[in-house]
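Take a look at the structure set out below.
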Amino acid sequence: TQDVMTAREVVLEDPDAVAQWTADFLLEKALSARGVFRIALSGGSTPRKLYALMAEAGYADRFPWSRTEFFYGDDRFVPAESADSNRGMVQSILFDHVPVPTKNIHPMPDRGEPDQAARSYEADLQQAYGGNTLIANKPLFDVVLLGLGENGHTASLFPRQPVLEEKIRWVASCVPDDAPHTRLTLTYPAIASSRHVLFLVTGTSKAGVLGRVRAGDAAEPASHICSDGEVVWIIDRGAAGQAEGK
Ligand code: 6PG
């Protein structure tokens with residue numbers, strides 16, 4: 001489970017404050033990065049506010065889009081136009097509204113055979129790092145954004161799935177037994193190869209699972225997320241169990 005020395009928590013008032021704090025963090029890190037800034041995006045509903053904020057004037061005109069490479073932490077194995085596609089969600093909320101070069105966006109494959117698709121995305125990742133050699137001690141990602149599902153999953157690292165045991169490969173397919181769609185996901189080692197892992201968790205419905213993960217409950221897949229750099233929990237009062245009136 002996470003080394004508590006490299007995990008920190010930021011508790012904010014509400015989901016808007018979580019989006020704002022995260023947008024400011026990403027802008028500061030991207031602007032201060034030398035050369036290419038690489039980020040893996042999360043899906044689901046929580047990050048929608050963040051992506052909308054990043055598309056707004058005042059932010060979109062300051063972010064270094066042309067030297068940022070955008071990857072996905074996971075996606076459902078559905079066409080981009082499907083309402084369930086993380087790629088489609090990010091494209092419509094963010095990428096359609098900002099001057100990001102198309103070549104800088106690396107969506108996960110959404111067709112073919114899942115394991116083959118995982119292999120090809122891994123090759124895409126390696127290609128983005130100048131062929132098969134990783135630049136000495138440079139992590140894969142500057143930032144990995146993650147959410148937290150109520151069953152303790154993050155990215156598409158779902159309970160009881162073989163992908164939780166993957167220690168070598170960076171990308172794998174996953175067929176959750178309690179969620180729709182086959183998924184492609186970054187694995188634990190790929191997510192760990194990062195400077196900053198940012199968990200965005202909001203709402204009272206997440207307070208239970210967040211409490212278990214923050215206590216290091218090994219039964220929760222998200223408890224095993226590590227980073228070569230830091231893990232930052234960016235949460236609102238609802239998820240922190242500090243809902244109004246307490
Ligand atoms: C996905 C996400 C997934 C998500 C959690 C939380 O593809 O669904 O990557 O890991 O972060 O399920 O989802 P919500 O933000 O919708 O609660």
Side-chain angles (χ1 to χ4, degrees), residues 1-12 18-44 46-47 50-51 54 63-65 67-74 90 104 106 121-122 124-130 133-148 152-157 163-164 166-172 185-202 210 213-216 218 220-235 239-240:
T1 55
Q2 282 164 30
D3 166 359
V4 290
M5 294 307 290
T6 58
R8 64 189 170 105
E9 200 167 72
V10 177
V11 183
L12 299 161
V18 165
Q20 186 63 64
W21 192 97
T22 308
D24 294 343
F25 181 96
L26 294 178
L27 183 61
E28 188 264 319
K29 294 301 176 196
L31 289 174
S32 59
R34 286 182 313 285
V36 176
F37 183 71
R38 294 187 178 90
I39 178 169
L41 301 174
S42 60
T46 302
L50 167 64
Y51 301 146
M54 292 172 72
F63 191 88
W65 304 105
R67 61 177 176 79
T68 300
E69 299 276 348
F70 291 92
F71 299 89
Y72 286 80
D74 71 321
V90 180
N104 290 25
H106 303 268
Y121 198 62
E122 194 169 61
D124 192 5
L125 266 175
Q126 286 171 349
Q127 194 52 44
Y129 288 80
T133 54
L134 257 186
I135 302 158
N137 73 36
K138 168 149 175 51
L140 276 174
F141 303 106
D142 292 282
V143 174
V144 177
L145 294 180
L146 292 175
L148 181 61
H153 81 266
T154 188
S156 282
L157 298 164
V163 67
L164 301 184
E166 180 57 56
K167 302 281 186 282
I168 309 293
R169 291 197 173 283
W170 292 342
V171 186
T185 186
L186 295 184
T187 59
Y188 286 122
I191 292 169
S193 181
S194 54
R195 291 201 161 87
H196 311 277
V197 168
L198 307 184
F199 273 100
L200 274 62
V201 189
T202 60
L210 181 60
V213 173
R214 297 297 282 124
E220 306 289 357
S223 297
H224 301 273
I225 290 287
C226 295
S227 169
D228 293 342
E230 64 168 351
V231 177
V232 188
W233 290 86
I234 309 164
I235 65 180

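We use all heavy atoms of the structure for the numbers below, so side chains are in, but hydrogens, waters and symmetry mates are not. Each residue takes its place number in the sequence, starting with 1. Bear in mind that the values here come from a model prediction, so they are computed numbers and not experimental data.
- A distance of 5.5 Å separates OH in Y188 from CD1 in I225, rounded to the nearest 0.5 Å.
- The heavy-atom pair separating V213 from S223 by the smallest distance is CA-OG, 3.6 Å.
- What you find for L50 and A23 is that their closest heavy atoms are CD1-N, 3.5 Å.
- Residues A155 and T185 approach most closely at CB-OG1, 3.4 Å, considering heavy atoms.
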Any chance you could lay out the side-chain contact (heavy atoms from CB on, under 4.5 Å) test for L186 and F141, step after step, and finish with the verdict? CA-CA 11 Å; L186 295 184; F141 303 106; 3.6 Å; yes

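- R169 places no side-chain N or O within donor-acceptor distance of the main-chain N or O of V163, the cut-off being under 3.5 Å.
- Annotation for L146 and T154: closest pair CB-OG1, 3.4 Å, computed over non-hydrogen atoms.
- Among all heavy-atom pairs drawn from T187 and L157, the shortest one is CA-CD2, 4.3 Å.
- D142 has a carboxylate O that lies under 4.0 Å from a charged side-chain N of R195, or vice versa, which qualifies the two as a salt bridge.
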Take L41 and Y51 through the side-chain contact (heavy atoms from CB on, under 4.5 Å) test and state the conclusion after the steps. CA-CA 10 Å; L41 301 174; Y51 301 146; 3.5 Å; yes

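- The closest donor-acceptor contact from the side chain of Y72 to the backbone of G43 lies at 3.5 Å or more, if one exists at all.
- The CG atom of L26 sits 10.5 Å away from the CG atom of L31 when rounded to the nearest 0.5 Å.
- W21 and F25 have parallel rings, their planes meeting at less than 30° on a 0 to 90° scale where 60° marks the start of perpendicular.
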Steps toward side-chain contact (heavy atoms from CB on, under 4.5 Å) verdict (V143, S194): CA-CA 6 Å; V143 174; S194 54; over 6 Å; no

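- Interatomic distance, R38 CZ to K138 NZ, rounded to the nearest 0.5 Å: 5.0 Å.
- Between F37 and F63, the ring planes are perpendicular. Angles over 60° get that label, and only those under 30° would be called parallel.
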